[in-house]
Amino acid sequence: MTQNRERNEADALRQALYAAYVIGRSWTERGKVADYIPELKKAHRDDFGICLMKKDGTVLSYGDVDTRFSMQSISKTVTLAAALDKFGFVKTFSHVKMEPSGDSFNSIIKLDTASNLPYNPMINAGAIQVVSLLANELTFEELLAMTRAFCMDDGITLNRAVYESEAQTGDRNRAIAYLLKSKGVLQADPEKTLDLYFRMCSLNVTARSLAGLGLILANDGRNPFTGRRLMDPRYIRTINSIMFTCGMYDGSGEFGVKVGVPAKSGVGGGITCGVKGRMGIGVYGPALDERGNSIAGIAALESLSAQLHLSVFDYAEELFG
Ligand code: GLN
């Protein structure tokens, strides 16, 4: 009887994921691959994959879930986690605010006019500021090890071509770092900070690794398969809250209404989501909308959320654990 129920649930979950995958794939042609980092132009616009991971070990996936691509801004969750772990809540947020900016991810406007401190750690200015806190304390290798642990993926390595491409063309991020320096708030040398920031953006992940990251965030910072605690659950709560309000940049409000789970996107086409206590979801779809979020990824997540009642504000009873 119980076995039958489990089988029915697994089948229903697989069907829901497949329906979301089909919807996502139908959106890819409406998006555009990022081109402001030249190396990212090489991605295939039609690629799309989605992976769902539960703490009982269930892993379901469709499409391009083992294709490696650079995590880009999704690394902002890891650098925030590293800062909270190293410096605690009070010190970290004395260097960066926790408010949605409503501006595009690489905007410089509010930083110069409205505030000396960047609005939040999920936009470029805020992440560069957080990385400046880390740059004199942690090595790239230590942050790479942390990323591997959070994604439960030892195959993550630096994508050197993407790193070099961004280091050569990242003048807007350079402008942000020097503006922060001119205001006296940057905590390390700008070039050292930018090098670490570009390296973190260039880590090669898969949709599967992003499902792993989402699962750790959904599971209060504990690896469900080894039992290892990676982070104080209070900090995971902070990270999830900031992902919810700021993780999809100036699309965070709409995503919050339509999908309703903490998520973080990157211009490489990835999105990671953690559905509290239930599952991690990772997507890869390099065709982006005008805000720099995976267009197919958002469409698929909206469908999955509606089918499985994933929103943190959902009134319906949970259908699947
Ligand atoms: N490396 C990218 C940049 O700094 C990250 C931006 C993103 O993923 N939205 O522009």
Side-chain angles (χ1 to χ4, degrees), residues 31-45 47 64 66-80 82 104-108 121-148 150-151 153-181 186-207 209-210 213 249 264-272 284-288 292-294:
K32 221 173 134 274
V33 167
D35 56 8
Y36 75 101
I37 299 172
E39 193 63 23
L40 296 185
K41 272 192 260 182
K42 293 186 182 162
H44 302 289
R45 190 183 69 161
D47 278 2
D64 306 305
D66 292 312
T67 304
R68 292 258 166 210
F69 60 96
S70 55
M71 77 193 298
Q72 298 297 336
S73 281
I74 301 167
S75 65
K76 293 173 167 86
T77 56
V78 179
T79 46
L80 174 60
S104 60
F105 67 83
N106 57 6
S107 175
I108 222 160
M122 299 288 123
I123 53 170
N124 288 14
I128 290 170
Q129 173 73 347
V130 167
V131 170
S132 82
L133 262 176
L134 302 172
N136 292 328
E137 300 283 340
L138 293 175
T139 62
F140 166 67
E141 283 68 30
E142 286 169 317
L143 285 168
L144 170 60
M146 190 171 168
T147 310
R148 286 176 173 166
F150 266 86
C151 293
D153 178 3
D154 286 336
I156 295 175
T157 53
L158 180 75
N159 183 331
R160 191 155 280 281
V162 171
Y163 160 67
E164 284 169 3
S165 184
E166 186 167 4
Q168 277 161 21
T169 57
D171 291 331
R172 201 173 172 85
N173 288 325
R174 230 165 249 124
I176 290 174
Y178 280 93
L179 184 59
L180 289 166
K181 179 171 182 251
L186 199 75
Q187 297 299 301
D189 171 71
E191 291 303 331
K192 186 174 179 181
T193 301
L194 287 161
D195 187 67
L196 190 53
Y197 171 81
F198 292 148
R199 280 176 193 271
M200 290 304 292
C201 288
S202 305
L203 293 181
N204 251 355
V205 293
T206 61
S209 353
L210 296 181
L213 173 58
Y249 320 114
K264 182 76 205 85
S265 63
V267 289
I271 304 178
T272 184
Y284 172 54
L288 307 179
N293 295 323
S294 170

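Note: hydrogens, waters and symmetry copies are ignored here, and every other heavy atom, side chains too, is used.
Looking at every heavy atom in both residues, D154 comes nearest to R148 through O-NE, 3.4 Å. Listed here is the closest heavy atom pair of A82 and L138: CB-CD1, 4.1 Å. In this structure, S70 and C201 approach most closely via the heavy-atom pair CB-O, 3.5 Å. Scanning both residues, S265 and S73, for their nearest heavy atoms gives O-CB, 3.3 Å. I128 and T193 get closest at one heavy-atom pair: O-CG2, 3.4 Å. Between T77 and I74, the shortest heavy-atom distance links the atoms OG1-O, 2.7 Å.
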Criterion side-chain contact (heavy atoms from CB on, under 4.5 Å) on M122 and L80, from CA distance to verdict: CA-CA 8 Å; M122 299 288 123; L80 174 60; 3.8 Å; yes

Test side-chain contact (heavy atoms from CB on, under 4.5 Å) applied to K181 and Q187, step by step: CA-CA 8 Å; K181 179 171 182 251; Q187 297 299 301; over 6 Å; no

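Between the side chain of T79 and the main chain of S75, a donor-acceptor pair closer than 3.5 Å is present. Side chain of E137 to main chain of L134: no donor-acceptor pair is present (N/O by atom type, distance under 3.5 Å, no hydrogens or angles). Panel note: side chain S165, backbone V162; no donor-acceptor pair is recorded below 3.5 Å. In terms of modelled atom types and a separation under 3.5 Å, the side chain of T272 and the main chain of L210 share a donor-acceptor contact. Listed for the R68 side chain is no donor-acceptor partner under 3.5 Å among the backbone atoms of L203. Looking at R172, its side chain does come within 3.5 Å of a backbone N or O of N106 through a donor-acceptor pair. No donor-acceptor pair closer than 3.5 Å links the side chain of R45 to the backbone N or O of V33.
Using modelled atom types and a 3.5 Å distance limit, the side chains of T206 and S209 yield a donor-acceptor pair.
Separation of atoms CZ (F198) and CD (Q168) is listed at 10.5 Å; rounding is to 0.5 Å. From N159, atom CG reaches atom CD of E164 across 9.5 Å, with rounding to the nearest 0.5 Å. In this structure, CG on D64 lies 4.5 Å from CG on D47, to the nearest 0.5 angstrom. Here the CD atom belonging to Q72 is positioned 10.5 Å from the NZ atom belonging to K264, to the nearest 0.5 angstrom. Distance check, rounded to the nearest 0.5 Å: CD of Q129 to OH of Y197 gives 13.0 Å. Note that the CG atom of L194 and the CD atom of E166 stand 9.5 Å from one another [nearest 0.5 Å].
Of the candidates V78, V131, L158, V78 is the only one forming a side-chain contact (heavy atoms from CB on, under 4.5 Å) with M200.
Salt bridge status for K192 with D195: absent, with no side-chain N to carboxylate O gap under 4.0 Å.
With contacts defined as side-chain heavy-atom distances shorter than 4.5 Å, the pair I156/C151 qualifies. Using a 4.5 Å heavy-atom threshold, the side chains of L143 and L196 count as touching. Taking the side chain as every heavy atom from C-beta outward, M146 and E141 never approach each other to under 4.5 Å.
When the side chain to side chain contact (heavy atoms under 4.5 Å, CB included) test is applied to A175, the partners found at least two apart in sequence or on another chain are I108.
Using bins of under 30°, 30° to 60° and over 60° for the plane-to-plane angle, the ring pair Y36/F105 lands in the tilted bin.
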